[in-house]
Each structure stands twice: as C-alpha cells, then as structure tokens.
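One structure is given below, encoded as structure tokens.
Just so you know, ligand 1 is whichever comes first in the structure, and atom 1 is the first atom listed for that ligand. In this chain, residues are counted from 1 in sequence order.
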Amino acid sequence: MKKVVKFGGSSLASAEQFKKAARIIRADKTRLYVVPSAPGKRFSSDTKVTDMLYSCYGAAIREKNFTEQLHAIKTRYQEIIDGLKLSISLEKEFQIIGENFGKKAGRDYAASRGEYLNGKIMAAYLGFEFIDAAEVVRFHEDRTFDDETTNELMAARLNESTGAVIPGFYGAMEDGTIVTFSRGGSDITGSLVALAVHADLYENWTDVSGFLIADPRIVQNPKAIETITYKELRELSYMGASVLHEDAIFPVRKAGIPINIRNTNKPEDKGTLIVEGTCRQPKYTITGIAGTDGFVSITVEKAMMNSEVGFCRKVLQVFEENEISIEHTPSGIDTMTIFVHKDVFEEKEQQVIAGIHKAVHPDHIDLESDLALIAVVGRGMKATRGTAGRIFSSLAHAHINVKMIDQGSSELNIIVGVRHDDFKNAIRALYEIFVETRI
Ligand code: ASP
C-alpha cells in the first residue's frame, strides 16, 4: 500500500500547521510521498507566500529595491523553522534567490521558491528525502506540460525512494528553466506523483472536510459529500464549485486512483472520496449543487425556423467567428436561445447581433442579461423518480421563476437558469428540499 499526500497552503502556513501535517504523515506508514504547497494564509487578512514572491519579483523587474520584501518572506520561513525547533538554515538559499531575482530569473522561478523552500523544511522535519520538482516535472520549450517525460522521470526517481518530499506547483524545461502550473497547481503535482508511483490513494489535505454539497457562502454549514465520481465532480467544478485544481483529475483518473479530500484541522473526518465509479448509493438523491452567475441569453426568433435546414448552424457559426464559447442552447419551434458568459459577450455584442441578422434574417432578437445557471448533479438521479418535479416545486415555493431547463442526456445533471436576484435563494431552496427535507 502506497499513499501520496498533498498539503495545501493553509495546512502548512505556520509551525503549528506543519506539526499537524507531520502527525498525519507519521500516523500511517504508507504515506510515503509528500507534496507540499507554499505557506498560505494564517488568518484571513494574511498574504500567501506565493503572492509575496510575485510582488517581490515585481519590484525586482522594475529595478526597485526588493530587499525588505524578500526579508519578510525569509521571516515567514524562519518562524516555521524556529517553531519546529529545526537546526537548518535557509540563509544560502535566500542569497541565491536574491541574486536570481536581481538577474530577473523569471516570474515562474520566483513563485516556485515558495514550494521549494517549504519542501526543504518539510523534508528536514520528517527525515524524508527532498526531491526537487525541477528534476522530475518536465515542461516543453513552449511551456506546455510534458506528461510522458514527467511520468518516466518521476517513476524512475521515486520508485527508488522510501519517503520523499516533492514540492508542488512547478517543474522545469530540459535546460533547467523553471515553469509553474497555473495557481493552485500543487494539486496537479500530487496527482502526477500518484500516477508515477502507482499509488493506491491520493490524499489531498486542505482546510475543509471535503467537497461540500453546496457553496458554504450561500448555504449555512452544508454537509460534505462522502463519495463522488469524477464525472460528477467535473460537472460541479465546471459550474463553479472548487476544492481541487481541475487539471489534477486527469492523471489519477486515467490510472483509476481515488482521491481523498481531507481536513488537516480535523483529521478524524473522513472527507470526500473521488472515484471513477462506485456502487455505493449516495446518501441523498443528489450529490451536489453548484451555480455560476453572469450569463446572458440571446433568443433568436423566426417564423418557420424549424423547417429551415442549417438555421442553428448558421447562428452558432456567428458565435464561433466571434470566439464566444456557448453554454446552452435550448430551443422552441420558432425560437432558439443561446446562453453565453456575459463578460465575453458584452465586448462583441453588436458584432454578434449584426452577424445573426446577416446569417439568418430573424424576425426578432431578444437579449436578457443577469442570469445565473445552477446545476443539480447526482448519479442517483437516473434511478429516481420525481427529481425534476422536486426541483421545480421547491423553486416555485421559493417564488423563483425558472428561465431555462436543461437535462443532460447522461441524466447526471439538471441545469436551471434563474435571474441573478434569485440565484442564492434558488440554491438554498434546492439544498433544503434534497438534503434537509430528504423525503
Ligand atoms: N502556491 C501556489 C498558489 O498559491 C500553488 C498551490 O498552492 O497549489 O497558487
């Protein structure tokens, strides 16, 4: 049995948090590979070390004095080292970092130092081997990720190790130039390590007890999801729910390795298990609810539209030519509605309208903004009668007018469009009917 454990920034923000992480690792001998993030926020108004590094490097490239900013970062690490009573010194590392900042070594190099230094401390504290991610995570010259070489390098290097710390978030090109993933990318590193060592489980330790059924900023104390499939997770993440970096799913999914989201501050909680498939019945009919605000609908109306071959294609082509991605396209006999993101559409609004007029000569085009889309997702919906009925009656009881309905052919989700003002109430109403009432 082999487990890969990744700890997020808030789980490693201070010496106290480091101690909790180490206790978790030591409690299970199969937790052999550790992927740390950079120190995150210790309290809500705190600054993440990654952000401190970006801003310090910003000063360096503007040729401003960055000594003080770098010193503040050094202090963050020194406090952790002191709190853990370690005898290591990062003096030399900071000297090199300072020199490289002066030589403008790159923004990615700058940001990567957060994970690199945290990895050094973690390895010393655990007595594990430190493996620099620059050695085992490879990027192409165009800065895209090289999955094949990474997997080869990692498998060869890690399989000879019994207890290693591999910093998250970055890697390097063949010539050694450091490249990072996008923000939150340590999740990806954890997943790559799990794939390379054929781990039985990828544990992702964070500050929540798993993936929640609904957004805690909207629903008070929502329950955590016990088991979720990759497909369900994708649906919910796409609609705005976030715990894990989206690109972290692919490597482990491909190898059938489950991910367990756990809470460093509450290790007794089981968290959420993310799996390829499961015969475990979900506790509720739905697995989760997620939603995103900021959509516009464009309704194109033309008498006898449905008998005009190629009508939809011509309309959609206008969006394609304007590089606007489409979310949903519900249609009626003589109408077709297109849902798009408002911020992308707004800029090109007039070109799109003119384009549709030219392409299909509609009778009328109607725009409606400030819409929100909500996805009710659940593998259990397929086998349950009345889910749609419950969704709409709960929304009706909450006095919410449904603007659009879309049930995916997989029967894994039902998406409803509502007005922006109804967005939060709609999510609360849905949570109540499916989780709290549970009839
Ligand atoms: N430290 C990086 C960030 O703040 C990467 C990570 O934490 O995953 O985005």
Please walk me through it: do Arg419 and Leu371 pass side-chain contact (heavy atoms from CB on, under 4.5 Å)?
CA-CA 5 Å; Arg419 294 207 57 80; Leu371 296 172; 4.3 Å; yes

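For atom 7 (O) of ligand 1, the closest heavy atom belonging to the protein is Ser37 OG, 3.1 Å.
Between the side chains of Tyr116 and Glu93, at least one donor N or O lies within less than 3.5 Å of an accepting N or O.
Proximity to Ser186 (heavy-atom distance under 4.0 Å) selects the following atoms of ligand 1: 5 (C), 6 (C), 7 (O), 8 (O).
Checked by distance only, ligand 1 and Lys6 stay at 3.5 Å or farther apart across all their nitrogen or oxygen atoms. When only interatomic distances are considered, the shortest N/O to N/O separation between Gly9 and ligand 1 does not fall below 3.5 Å.
Atom NZ of Lys266 has 12 or fewer heavy atoms from other residues, nucleotides or ligands within 6.0 Å.
Between Lys41, Glu115, Arg183, it is Arg183 that holds the heavy atom closest to atom 4 (O) of ligand 1.
Residue contact check for ligand 1: Gly185 places a non-hydrogen atom closer than 4.0 Å to it.
Tyr125 and Phe18 have perpendicular rings, their planes meeting at more than 60° on a 0 to 90° scale where under 30° would count as parallel. Aromatic ring orientation, His341 versus Phe295: tilted (interplanar angle from 30° to 60°).
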